[in-house]
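Here the structure comes first, spelled out in structure tokens, and everything after it is commentary.
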Protein chains: 2
Amino acid sequence: MVEQLNQAQLRCWRAYIETSLWLNAQLEDDLRSATGLSMTDYQVLVLLSEAPRQRLRMGELANRMAFAPSRATYQVDSMAKRGLVVRESCPEDRRGSQAVLTASGLLTLREAAPHHLVSVRRHFVDALDEAELACLTRAFERLGKRGGTPPATSQDTQA
Amino acid sequence: MVEQLNQAQLRCWRAYIETSLWLNAQLEDDLRSATGLSMTDYQVLVLLSEAPRQRLRMGELANRMAFAPSRATYQVDSMAKRGLVVRESCPEDRRGSQAVLTASGLLTLREAAPHHLVSVRRHFVDALDEAELACLTRAFERLGKRGGTPPATSQDTQA
DNA sequence: GGCATGTTGTTCAGATTTGAAAGAGTGGTA
DNA sequence: TACCACTCTTTCAAATCTGAACAACATGCC
């Protein structure tokens with residue numbers, strides 16, 4: 001059997017995947033119990049709050065959140081029921097639909113943020129020294145720049 | 001309001017959380033289309049394959065997977081229907097129940113692994129240089145040890 | 001033994017998520 | 001204009017996930 005990853009690579013991957021699983025569960029629990037929001041809710045609020053005019057097209061939202069399209073619909077509807085966002089139809093493309101942050105949504109985010117950040121700090125940031133922080137930032141920002149795959153030049157499938 | 005995180009810390013966190021969201025979606029899609037397994041299925045297979053006698057108590061499984069207890073029940077039942085595991089009751093504690101890897105489950109894992117590892121490589125490992133690899137390993141192994149479920153390498157973990 | 005208390009898993013109802021298919025619009029082209 | 005291929009989003013049914021309530025057992029204490 002061809003070895004796909006060497007020892008060090010595999011170890012890194014396992015550390016990452018198992019820890020991120022756990023980390024996510026911690027943050028989810030903390031956030032939920034402190035604010036009633038899910039991580040998903042929170043992330044959507046953050047994206048909207050940073051978007052121009054505090055609104056995003058459904059597709060753009062889905063894309064940034066790595067959502068299936070139907071999930072975006074459900075999520076936004078769910079948040080709309082709670083008054084965090086409203087839907088508006090898109091002037092320049094009548095197929096389109098936008099999620100728009102409400103004042104209440106923004107307030108909810110501002111109230112939730114400190115709790116969440118304490119949690120982030122406790123479970124993540126506080127455990128990292130300055131060098132690690134820089135290293136992680138660099139690595140994940142690079143990874144996040146998609147395309148991370150396309151080279152059709154497949155000399156990769158073995159090691 | 002006290003500032004919870006400085007610029008560098010926040011940036012690191014955002015890079016991590018957004019990228020890990022995206023990364024997860026990629027791996028999920030790749031694995032699903034190559035093998036029909038979900039990441040969750042795969043992780044459970046890995047844990048079982050490494051466990052002594054290839055079996056785990058429900059609670060232990062739930063713990064390591066950061067599952068709510070009822071999710072463990074559902075997941076194992078689902079995998080049992082597909083023949084990947086079987087359930088056995090626990091000799092030393094009659095409340096208990098174990099998930100046991102089947103030959104078919106092990107075979108499924110062995111067939112899925114190469115595909116999955118190619119995907120891991122393309123989306124994750126290949127983008128990291130040696131120093132980053134070491135740094136991430138150290139950081140995530142430390143993070144994982146905080147009160148949760150220490151990532152198990154192989155072959156230890158008794159009881 | 002007989003009982004209180006804590007553990008371990010399951011069940012159930014309801015919430016979330018997914019993929020496939022459909023509805024509605026857009027843009028290009030003849 | 002009419003048509004065609006494509007894009008954006010929603011709908012629907014089925015799969016998955018969660019928390020609360022429960023059943024079965026274990027343990028310690030009298």
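The analysis underlying the following values was restricted to heavy atoms, covering all of them including side chains, and did not include hydrogens, waters or symmetry mates. Fair warning: this is a prediction, and the values are worked out from it, not measured in the lab. Just so we're on the same page: letters track the sequence lines, and every chain starts at 1.
Extent of DNA chain D lying under 4.0 Å from chain A heavy atoms, first and last nucleotide in 5' to 3' order, is D/dT7 to D/dT11.
Rounded to whole Å, atom P of C/dG9 lies 16 Å from atom CD of B/Q75. A straight line from CD of B/Q98 to C1' of C/dT10 spans 17 Å, rounded to a whole angstrom. Rounded to an integer number of Å, the gap from CE of A/M58 to P of C/dG25 is 17 Å. Between the CZ atom of B/R32 and the C1' atom of C/dT18 there is a distance of 8 Å, given to the nearest Å. Atom C1' of nucleotide C/dC12 and atom CG of B/D77 are separated by 14 Å, given to the nearest angstrom. One can place OH of B/Y74 at 16 Å from P of C/dA13, the figure rounded to the nearest angstrom. One interatomic measurement links the two molecules: CZ of B/R71 to P of C/dA15, which rounds to 19 Å at whole-angstrom precision.
Where B/D29 and A/S78 each meet DNA chain C at their nearest nucleotide, the meeting point lying more 5' is that of A/S78. Comparing A/P69 and B/R82 against DNA chain D, the residue whose closest nucleotide sits nearer the 5' end is A/P69.
Side-chain atoms of A/L101 and A/L84, non-hydrogen and from C-beta on, never get closer than 4.5 Å to each other. Contact of the A/L133 side chain with the B/R11 side chain is not registered, since no non-hydrogen atoms from C-beta on lie closer than 4.5 Å.
Phosphate contact (OP1/OP2 of C/dT11, side-chain N/O of B/T73, threshold under 4.0 Å): absent.
Taking the six-membered ring where tryptophan is involved, the planes of A/H116 and A/Y42 are tilted, since the angle between them lies from 30° to 60°. Between A/F124 and B/F140, the two ring planes are tilted [angle within 30° to 60°].
In this structure a side-chain-to-backbone donor-acceptor pair under 3.5 Å is missing from B/T19 to B/Y16.
Closest approach of B/Q98 and B/C90 over heavy atoms only: NE2-SG, 4.1 Å.
For the segment residues 83-95 of chain B, the set of residues with a heavy atom within less than 4.0 Å of an atom of DNA chain D comprises B/D93, B/R94, B/R95, in numerical order.
Atom CD of A/Q54 is separated from atom CG of A/L45 by 10.5 Å, given to the nearest 0.5 angstrom.
A side-chain donor-acceptor contact under 3.5 Å links A/R87 and A/S97.
Each of B/H123, B/R122, B/R32 was compared with B/L27 under the side chain to side chain contact (heavy atoms under 4.5 Å, CB included) criterion, and only B/H123 meets it.
Counting any heavy atom pair closer than 4.0 Å across all strands shown, B/S70 reaches a base atom.
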